[in-house]
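Heads up: the structure comes next, in structure tokens.
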Amino acid sequence: MSSSQKTRVVVLISGSGSNLQALIDGVTANELPIEMVAVISNRPGVLGLERAAKANIPTETLDHKAYAHREDFDRALMGKIDSYKPDLIVLAGFMRILTTEFTQHYLGKMLNIHPSLLPKFQGLHTHQRAIEAGETRHGVTVHFVTAELDGGPAIVQASVPVLENDDATSLSKRVQRQEHVIYPLAVKWFAEGDLCMIEGKSMLKGEPLSVSGFQIWSDET
Ligand code: GRF
């Protein structure tokens, strides 16, 4: 496949970018038919920007603190994203609540990864909340982004055991290893034309996925 046919991906980050790294590694290993055309961070100086630069991906920083209103920031961000003419926008630890205008603009072509078995534990501090709720399994979900925060249709979910002596840090590490498996998988499905969103549902190879998405079960302890 020539590079002009590859799915053009813009990745949005706010921090460490370990999920970004998993995508970069997938491209390097020739496992992902994508071209990462830009990485944009809303926070200056984060590790994810370094990871992108090392992989020769163009980087941009758009600091949300320079904007008085969420709408203005989101519009400026849309302008930046669209200048790269992406086919897919990947939110990889992008810690922003998005306006409806923004989510509508990229409906069906924007993915997010959320560290819980959605619809459980939307929002923040998911690992701690899962432990406190006495969950025996916890995990991570990749989903299409809609106007509803952490509420778009699920694509793939990976679950891991919650161990008796887990704290939020140990549990988050176990979950993150699965993040780095399922995000490249979902991006690959999209890039190969196997994944789309139709009438609010995630479709894989022409079939609707279950509400929890494709399931991956890990027994890693
Ligand atoms: C991940 O845990 C992801 O699930 C959440 O934000 C974190 C980002 O981590 N949305 P990283 O920046 O990819 O390392």
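Whatever order the structure lists them in is the order used to number ligands and atoms, beginning at 1. In this text the structure is predicted, and so the values were computed from the model without any measurement.
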Hey, do the aromatic rings of His127 and His138 have their centres closer than 6.0 Å?
yes

Electrostatic pair Lys188:Glu31 at N-O distance under 4.0 angstrom:
no

Run through ligand 1 for me and note each protein residue having a heavy atom under 4.0 Å from it, chain first, then residue number.
Ser16, Gly17, Ser18, Asn19, Gly93, Ile113, Pro115, Gln176, Glu179

Give, for atom CG of Asp219 and atom OG of Ser159, the distance between the pair rounded to the nearest 0.5 Å.
8.5 Å

Rounded distance [0.5 Å steps], CZ in Arg43 versus CG in Asp63:
9.5 Å

Side-chain H-bond candidate by donor/acceptor type, Asp167 with Ser170, under 3.5 Å
yes

Is any NZ, NE, NH1 or NH2 atom of the basic residue among Glu135 and Lys120 found under 4.0 Å from an Asp or Glu carboxylate oxygen of the other?
yes

